[in-house]
There are 2 protein chains.
Amino acid sequence: MKNNISEYLKSNGIKPSLQRIKIYEYLVKNKNHPTVDKVYNDLVKDIPTLSKTTIYNTFKLFMEKKIVTIITIEENETRYDADTNLHGHFKCEVCGEVYDFAIDDILIRKDILKEFEVDERHLYFKGKCKNCL
Amino acid sequence: MKNNISEYLKSNGIKPSLQRIKIYEYLVKNKNHPTVDKVYNDLVKDIPTLSKTTIYNTFKLFMEKKIVTIITIEENETRYDADTNLHGHFKCEVCGEVYDFAIDDILIRKDILKEFEVDERHLYFKGKCKNCL
DNA sequence: TTTTAAATTTGTAACGATTACAATTCAATA
DNA sequence: TATTGAATTGTAATCGTTACAAATTTAAAA
Ligand SMILES: [Mn+2]
Ligand SMILES: [Mn+2]
Ligand SMILES: [Zn+2]
Ligand SMILES: [Zn+2]
């Protein structure tokens with residue numbers, strides 16, 4: 001697993017330091033779209049010298065290399081996702097969980113695509129999850 | 001126009017003070033999804049005593065009454081929109097403009113709707129606009 | 001191996017948007 | 001006019017993020 005991640009980072013032009021491996025590994029294993037704070041508080045148990053700045057730096061690098069995507073649903077809470085395929089996010093306004101959901105298609109008028117060159121597509125819903133209903 | 005707005009606010013349970021009328025009017029006239037800062041800097045010319053806190057308070061109230069929606073594309077820039085109908089936003093990463101676009105439909109698997117009670121739907125794209133290509 | 005340079009990590013301070021809060025002003029009513 | 005509550009305002013506090021320089025690690029050169 002760790003070797004896989006190391007190779008994966010290398011193949012994306014990222015030098016696989018211990019911190020980078022652990023951070024990416026964390027994101028792959030924890031599919032609940034954690035914040036920087038969550039990642040830090042969990043990983044600092046493993047790496048006591050870890051700095052929050054390193055996590056910010058690392059996510060910035062991962063974003064540039066396009067191996068993670070950023071999720072901005074609430075203005076004060078930035079989350080990260082190792083799944084870079086197009087999919088939707090559902091945030092429960094009761095428990096705060098952010099779930100994935102599959103998108104079959106987004107139907108927009110074709111003339112719009114002539115006006116814009118689309119690089120990223122983001123979609124999120126808000127409401128109540130099954131547990132909280 | 002101003003009378004229309006006053007009536008509209010009243011019909012949504014909002015007492016139409018001068019500040020509230022001007023802020024809502026600004027949002028209706030300026031469909032470029034302004035930030036609090038933009039609204040403040042433009043309106044303070046009309047209302048020299050205006051406070052930025054008032055704009056925050058007012059947008060919070062408008063959100064509660066559901067006559068404006070919040071747009072969170074970038075984590076550090078919150079924008080507001082008087083158009084509460086479902087539509088997409090396109091942010092140009094070159095010029096920073098945020099454009100509207102029409103959505104015909106979002107195709108998702110029906111079983112997802114059994115898991116979640118959806119209150120809000122948000123969709124935004126990023127890329128380059130025609131002017132910047 | 002030692003030396004040197006570059007890359008990475010770290011800690012602290014600064015920043016900026018938003019919020020909390022108390023004081024002031026305004027508007028409605030008696 | 002006096003009273004009361006709502007709305008507005010200014011200031012301070014908060015908190016996530018960024019800037020920056022020092023320390024550490026890694027890799028290459030001598
Ligand atoms: Mn996801
Ligand atoms: Mn819009
Ligand atoms: Zn829930
Ligand atoms: Zn543009």
Side-chain angles (χ1 to χ4, degrees), chain A residues 5-6 9-10 12-26 33-65 67-81 91 96 98, chain B residues 2 5-6 9-10 12-26 33-65 67-80 91 96 98:
Chain A
I5 288 178
S6 188
L9 294 181
K10 269 191 229 171
N12 282 94
I14 297 164
K15 193 182 289 184
S17 69
L18 170 71
Q19 287 84 345
R20 288 168 178 176
I21 291 169
K22 289 279 190 179
I23 290 169
Y24 189 76
E25 185 183 36
Y26 183 92
H33 315 95
T35 60
V36 163
D37 225 60
K38 186 75 167 54
V39 177
Y40 173 77
N41 286 314
D42 287 352
L43 282 185
V44 77
K45 296 166 193 162
D46 271 319
I47 313 168
T49 61
L50 184 64
S51 163
K52 213 174 272 189
T53 302
T54 298
I55 300 176
Y56 280 107
N57 290 342
T58 302
F59 279 150
K60 187 164 180 258
L61 176 66
F62 287 175
M63 293 274 293
E64 283 162 9
K65 301 298 185 181
I67 67 166
V68 306
T69 52
I70 196 167
I71 302 173
T72 46
I73 297 178
E74 310 291 346
E75 55 279 32
N76 57 335
E77 129 182 325
T78 304
R79 294 163 172 268
Y80 294 88
D81 195 341
K91 168 145 188 174
V98 175
Chain B
K2 195 161 294 173
I5 287 178
S6 187
L9 295 180
K10 270 191 229 171
N12 283 93
I14 297 164
K15 193 182 290 184
S17 69
L18 170 71
Q19 287 85 345
R20 288 168 178 176
I21 291 169
K22 289 279 190 179
I23 291 169
Y24 189 75
E25 186 183 37
Y26 182 91
H33 316 96
T35 61
V36 164
D37 225 58
K38 185 74 166 56
V39 177
Y40 173 77
N41 286 314
D42 287 350
L43 281 186
V44 77
K45 296 165 193 163
D46 271 321
I47 313 167
T49 61
L50 185 64
S51 163
K52 215 173 273 189
T53 302
T54 299
I55 300 177
Y56 281 107
N57 290 341
T58 302
F59 278 150
K60 186 163 180 258
L61 176 66
F62 287 176
M63 293 274 293
E64 283 161 10
K65 300 298 185 181
I67 66 166
V68 306
T69 52
I70 196 166
I71 302 173
T72 47
I73 297 178
E74 310 291 345
E75 55 279 31
N76 58 332
E77 130 181 323
T78 305
R79 293 162 172 269
Y80 294 88
K91 167 144 187 175
V98 175

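The figures here come from the full heavy-atom set of this structure, side chains too, leaving out hydrogens, waters and symmetry mates. Numbered from 1 within each chain, the chains take letters A, B, ... in sequence-line order.
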Can you check the A/Leu18 CG to C/dT10 C1' distance for me, whole Å? 14 Å

Respond yes when some side-chain nitrogen or oxygen of A/Thr78 is under 4.0 Å from OP1 or OP2 of D/dT17, and no when none is. yes

Kindly give the heavy-atom pair with the smallest separation between A/Leu50 and A/Tyr40, and that separation in Å. O-CE1, 3.4 Å

Is it the case that the side chain of B/His33 and the backbone of B/Arg79 share a donor-acceptor pair, with hydrogens and angles ignored and the cut-off at 3.5 Å? no

Could you measure the distance from the CG atom of B/Asn41 to the NZ atom of B/Lys52? Nearest 0.5 Å is fine. 6.0 Å

Could you tell me how far apart B/Asn76 (CG) and D/dC15 (C1') are, to the nearest whole angstrom? 14 Å

Short side-chain N/O contact to C/dC26 OP1/OP2 from B/Gln19, under 4.0 Å: no

Between C/dT19 atom P and B/Phe59 atom CZ, what is the distance in whole Å? 13 Å

Applying a 4.0 Å non-hydrogen cut-off, can you work out what A/Asp37 is touching in the nucleic acid: base, sugar-phosphate, or nothing? nothing

What is the separation between atom CD1 on A/Ile23 and atom P on C/dT8, rounded to the nearest whole Å? 13 Å

Considering only D/dA19, D/dT8, C/dC21, which nucleotide approaches the side chain of A/Thr53 most closely? D/dA19

Could you pick out which residue, A/Tyr56 or B/Asn57, lies toward the 5' side of DNA chain D when each is mapped onto its nearest nucleotide? B/Asn57

Please test B/Glu77 against B/Lys91 for salt bridge (charged side-chain N to carboxylate O under 4.0 Å, His left out), starting from the C-alpha separation and ending with a verdict. CA-CA 12 Å; B/Glu77 130 181 323; B/Lys91 167 144 187 175; 2.5 Å; yes

How close or far is atom C1' of D/dA7 from atom CG of B/Leu9, stated in whole angstroms? 14 Å

Whole-Å gap separating C1' (C/dC26) and CG (B/Leu50): 15 Å

If I take atom NZ in residue B/Lys65 and atom P in nucleotide D/dA7, what distance separates them, rounded to the nearest angstrom? 10 Å

Separation of A/Arg20 CZ from A/Ile5 CD1 (nearest 0.5 Å): 14.5 Å

Starting at the 5' end of DNA chain C and moving along, which residue's nearest nucleotide shows up first, A/Thr58 or B/Lys60? A/Thr58

Remember a base hit wins even if backbone is also touched, and classify A/Lys15 as base, sugar-phosphate or nothing at under 4.0 Å, heavy atoms. sugar-phosphate

Rounding to a whole Å, what distance do you find between B/Lys22:NZ and D/dA7:C1'? 18 Å

When all nucleic acid strands are considered with a 4.0 Å heavy-atom cut-off, which category describes B/Ser17: base, sugar-phosphate, or nothing? sugar-phosphate

Please classify the nucleic acid contact of A/Thr49 as base, sugar-phosphate, or nothing, using heavy-atom distances under 4.0 Å. sugar-phosphate

